[in-house]
Amino acid sequence: MIISTNDRAPTGTIKFMCLNPGDILAGRYQIIDRLGQGGFARTYTAQDLQNPDRPPCVIKEILCREPEKPDVLAQATRRFQRETRALQTLGNDSRIPQLFDHFDDENGKFYLVQEFIEGVPLTQELCQGQQWTEAGVITFLQEILEILIFVHQADVIHRDITPSNLIRRTNDGTIVLIDFGAVKEISTFTSNSRGEIFTSQAIGTTGYMPAEQYRPRLTPQPYNDIYTVGIVAIQALTGRHPRNLPHDSDTGEVIWDYSTSDRPMLQVSDGLKNILNQMVRYHFQQRYQSATEVLQALDSLQLPQPIALPQPIALPQPIELPQPIALPQPIALPQPPGRLARWNFRWLLFPVAGLGAALAIAYFIHLLLRQQSSLDRVERVSAGEELIIQASPLWSKQRAIKEFAAGNYPEALKLFKQSWREDRKDPETVIYMNNALLMATKAEYYTIAIVVPIRRNQDGSIINANLAEELLRGVAQAQTEVNLGLIAVNDNNKDFPGQEFIEPKGINGKGLRVIIADDGNIKSEAVKRANSLVAESDILAVIGHYTSDMTVETVDIYNVNKLVAISPGSTTEELTRKPRNFFFRTAPTTSIEAESLVTQLFKVGQEKVIGFYNPNSPFTASLWEEFQKLSKTKGISPVRINGFYDLSSKDFTAEKAIKEINKINNNGKTALVLIPDAQVTNALENAIEMIKANGDRNWIVAPWTVYEPRTLEAASQLKSIEKLAISVFWHPLTSFDKTFPENAQKLWGGPVNTRSALTYDASRTLIKALEMQPEPSREGMQQTLADPNFKAEGATGIIEFYPKTGNRKNPPKGLAHIVRCSKELYGFTFVPIEFPTAAAAGLKCD
């Protein structure tokens with residue numbers, strides 16, 4: 001007999017009470033044996049003593065993470081009741097286990113009693129190296145998709161469709177889908193200091209989960225399950241576990257249809273190949289959106305006859321054959337690799353017998369040459385030996401980079417100076433010039449890195465580097481302040497930038513070297529950059545990543561490797577919920593930004609606000625969540641128009657969204673909040689189109705991602721732009737450090753914006769931490785920044801951190817609006833909202 005105990009695990013851990021054979025649970029279920037245990041639940045076989053003629057059943061035990069917290073336990077109980085109702089409905093289908101009973105106890109343990117499916121899991125049929133025929137894969141897909149149609153119609157998303165959760169039933173050979181993920185989510189509920197309850201861990205299995213499913217706060221969707229089914233089908237076709245399949249370094253797409261010298265090209269039709277590729281696309285918007293769509297596509301195929309597996313192609317052996325080269329795969333949290341190295345491939349041409357073999361080898365060479373080209377580009381980490389930012393640099397800059405790479409630093413310094421005189425706005429040149437100065441003068445220095453996002457085409461060509469340059473200007477200005485302290489009065493570097501107006505701020509007689517890295521605003525690339533940077537032992541801290549999406553993806557890499565990452569732009573609350581010792585940020589969190597936006601709507605008498613955002617962006621999802629909470633406290637009702645709210649959707653159009661808004665806005669007191677991500681998708685472009693389509697009819701508030709020249713261009717196309725407020729964390733007119741905007745104007749030949757100010761502050765913060773250590777180290781940087789007495793001064797104010805979260809104390813906040821100014825770009829400019837006109841802000845526009 002099981003006796004209740006008060007033995008509980010510490011908060012944040014899962015501790016199961018062990019049930020042994022013969023134990024009786026709930027007075028009726030006698031334990032037969034334990035089936036297994038995962039991170040979320042433990043399962044047993046049992047006999048129902050009240051129904052002795054019934055076959056054995058399965059007991060699943062799920063433990064609430066924090067049962068001592070009433071709110072968490074209440075939330076877990078509500079979710080359990082909701083999911084058991086769903087399971088009861090699903091159990092009406094013979095391809096899903098029937099739910100017999102469910103109950104919980106006072107210790108926060110929840111139990112499901114389900115039908116035992118006698119059979120074998122699909123893992124036994126998907127042995128490594130064993131490949132299914134195309135016909136077999138199509139039959140499998142049709143069978144599992146029919147189950148999914150029923151499941152999704154019941155408004156349930158499985159979230160963990162893996163071979164181990166697909167059972168081939170013994171008596172009829174039917175596949176049965178078991179172990180739904182939603183119930184397991186109960187064990188992940190936790191709460192923070194503000195009493196907010198949230199899911200702390202993604203549900204699913206690594207290798208089978210789509211990228212968006214790693215964000216536990218996102219609402220599960222049918223396309224999550226479509227991805228996992230596609231991956232299982234690819235595993236069946238290739239005979240390879242998903243973890244052994246490479247991914248395209250530029251797009252994140254799974255690479256599965258290729259050959260190697262010991263592995264022939266798969267014999268699969270283009271039709272099935274296209275269907276599988278669309279099922280497992282990296283971006284969920286490009287996948288099938290329903291199981292019905294996939295099934296219809298499969299039905300249009302002509303089912304091939306089963307064929308024998310192709311035999312490996314026999315190749316004549318030359319004197320020396322190249323060894324097979326494994327394609328690189330995305331790395332989550334590997335051990336730090338060695339020093340940065342370039343990849344080089346050397347090929348030997350050899351004769352191939354047969355047209356089919358020739359085509360296979362040609363395709364393989366094409367694929368690997370493409371991969372080689374990608375790897376040549378993909379490093380994107382440079383201290384001056386490689387061009388990162390500009391698509392068409394000046395001749396002098398190109399020459400300077402070649403000289404730097406060759407170790408001829410005096411000549412590189414000379415050429416970088418020439419390039420800067422010809423293009424004063426280029427921060428990459430200034431950073432490389434600083435680095436060349438350090439090397440040419442053989443100065444001692446400390447090294448930090450900055451990671452910036454550059455939007456690129458598939459071939460690596462630059463689409464837009466404006467955002468990256470804005471970030472680099474702040475770092476370059478702070479670096480110049482330090483290194484000017486190393487230049488003697490009679491030095492040959494009297495023409496070094498900033499000497500006439502910048503006060504030198506050296507670091508105990510040493511200089512500052514800056515390494516630039518580009519993550520491309522692509523998660524797989526961000527992971528690679530992070531792994532490259534942690535492997536460079538002389539890097540003492542990293543400024544970055546800029547977007548919340550990239551920071552969430554990489555923060556644990558820096559934390560595990562004990563390298564401080566200080567972000568100038570990541571505001572999502574998701575980074576606060578699981579604090580990391582080595583993460584800090586100079587930007588405020590989304591709750592701070594939401595407060596400014598909601599307060600503005602309250603001031604102008606708005607009663608309702610319609611939200612538009614990217615639900616798969618940690619930043620925008622977090623800001624919308626915080627915005628909703630604060631809106632309600634001000635009596636403003638937040639609304640989301642289903643089918644029209646996703647700014648990142650490929651089907652989004654401003655005109656259709658405005659039509660839907662007009663149906664709701666019947667009293668003129670309905671506002672819009674536009675929350676595009678930081679140029680990870682096309683959400684910003686859609687937000688700007690919304691501003692234009694709105695035509696100043698409704699009030700619009702937006703975060704600092706809309707603080708863009710393109711927004712000013714949109715304003716120039718409107719008759720008026722009075723009902724727009726954008727959050728801003730710094731403005732030249734309200735700068736805490738008055739010398740920063742003045743020096744920036746002189747250094748760059750024009751003003752800088754919030755992004756430059758926040759990266760300047762991140763740089764000044766790291767510089768202060770370096771100054772405070774006798775012998776700076778990575779762990780010393782973390783300890784210094786986390787010290788309650790640490791303070792640094794920057795453009796946006798005094799910088800200090802909460803030690804437990806890395807969040808900034810007293811973060812900056814404010815609002816800006818657009819005013820006319822004929823001398824500015826497009827005839828408009830941003831000013832703090834407290835200044836009604838350009839003249840009131842002291843600007844000379846005539």
Side-chain angles (χ1 to χ4, degrees), residues 83 85-99 114-126 132-183 204-205 208-210 213 220-237 242 268-269 271-281 284 287-306:
E83 299 306 331
R85 288 194 296 269
L87 288 175
Q88 285 174 331
T89 300
L90 294 176
N92 293 327
D93 190 303
S94 63
R95 297 165 297 182
I96 297 172
Q98 187 176 353
L99 180 67
Q114 293 180 288
E115 175 188 5
F116 176 77
I117 304 299
E118 186 173 348
V120 294
L122 221 60
T123 49
Q124 296 188 21
E125 299 181 24
L126 295 175
W132 289 16
T133 64
E134 179 171 349
V137 170
I138 291 175
T139 300
F140 160 75
L141 284 171
Q142 290 171 330
E143 187 171 2
I144 191 63
L145 288 166
E146 287 176 355
I147 303 175
L148 278 189
I149 290 173
F150 172 74
V151 170
H152 293 166
Q153 285 175 346
D155 202 25
V156 175
I157 309 300
H158 189 284
R159 292 195 279 180
D160 197 18
I161 301 175
T162 64
S164 60
N165 287 333
L166 296 169
I167 305 297
R168 180 83 67 183
R169 190 158 47 203
T170 301
N171 62 1
D172 60 2
T174 299
I175 291 180
V176 179
L177 180 60
I178 68 168
D179 209 15
F180 283 72
V183 180
T205 301
Y208 297 91
M209 291 169 61
Q213 200 168 314
Q221 299 291 343
Y223 48 70
N224 302 147
D225 287 346
I226 290 170
Y227 181 97
T228 58
V229 172
I231 289 293
V232 174
I234 288 173
Q235 181 179 357
L237 268 178
V268 56
S269 67
L272 179 58
K273 187 188 307 179
N274 293 336
I275 289 172
L276 290 175
N277 282 334
Q278 189 168 346
M279 291 178 74
V280 300
R281 292 301 298 268
F284 69 92
R287 284 181 225 139
Y288 293 105
Q289 299 297 296
S290 70
T292 301
E293 289 181 39
V294 189
L295 196 56
Q296 289 172 347
L298 285 169
D299 289 341
S300 67
L301 295 177
Q302 183 176 356
L303 188 66
Q305 295 299 314

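All of these numbers come straight from a predicted model, not from anything done at the bench.
Counting heavy atoms from C-beta on, the side chains of D179 and T162 never come closer than 4.5 Å. Using a 4.5 Å heavy-atom threshold, the side chains of I161 and L148 count as touching. Residues L298 and L272 meet the side-chain proximity criterion, which asks for heavy atoms closer than 4.5 Å. Side-chain contact check for D299 versus Q142: some heavy-atom pair is nearer than 4.5 Å. Taking the side chain as every heavy atom from C-beta outward, L122 and R168 approach each other to under 4.5 Å. Counting heavy atoms from C-beta outward, T228 and M209 have side chains that stay 4.5 Å or more apart. A heavy-atom distance below 4.5 Å is found between the side chains of L177 and L166. T205 is not listed as a side-chain neighbour of N165, based on a closest heavy-atom distance of 4.5 Å or more.
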Please table the atom pairs, donor to acceptor, closer than 3.5 Å between any side-chain atom in residues 288-296 and protein atoms at least two apart or in another chain.
{"residue": "Q289", "atom": "NE2", "partner": "F284", "partner atom": "O", "Å": "2.9"}
{"residue": "Q289", "atom": "NE2", "partner": "R287", "partner atom": "O", "Å": "3.0"}
{"residue": "S290", "atom": "OG", "partner": "E293", "partner atom": "N", "Å": "3.2"}

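Scanning all heavy atoms of the two residues, the minimum distance from I231 to P242 falls at CG2-CG, 3.4 Å. Residues G119 and T170 share a closest heavy-atom pair of CA-OG1, 3.2 Å. Residues P163 and L126 come closest through the heavy atom pair CG-CD1, 3.6 Å. In terms of heavy atoms, S94 sits closest to R169 at O-NH1, 2.8 Å. The two atoms that bring I178 and P97 nearest to each other are CG2-CG, 3.6 Å, heavy atoms only. Summarising the geometry of E115 relative to I96, their closest heavy-atom pair is OE1-O, 4.3 Å, with the distance given to 0.1 Å.
E118 is linked by a salt bridge (Lys or Arg N to Asp or Glu O under 4.0 Å) to nothing, counting only residues two or more places apart in sequence or in another chain. Remark: R95 engages D93, E146 in a salt bridge (Lys or Arg N to Asp or Glu O under 4.0 Å) (not counting sequence neighbours).
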Checklist entry - Please walk me through it: do V268 and L276 pass side chain to side chain contact (heavy atoms under 4.5 Å, CB included)? => result CA-CA 11 Å; V268 56; L276 290 175; 5.5 Å; no
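Interatomic distance, CD of Q88 versus CD of E83, reported as 12.0 Å (0.5 Å rounding). Between I138 atom CD1 and W132 atom CH2 the span is 12.5 Å, to the nearest 0.5 Å. Distance CG/D160 to CG/D225: 9.5 Å, rounded to 0.5 Å. A distance of 13.5 Å separates OG1 in T139 from CD1 in I144, rounded to the nearest 0.5 Å. Note that the CZ atom of F140 and the CG atom of L145 stand 8.0 Å from one another [nearest 0.5 Å]. Rounded to the nearest 0.5 Å, atoms NE2 (H152) and OH (Y223) are 11.5 Å apart.
Heavy atoms of other residues, nucleotides or ligands lying less than 6.0 angstrom from CG of D172 number more than 12.
Taking the six-membered ring where the residue is Trp, F180 and H158 present tilted rings, their angle falling between 30° and 60°.
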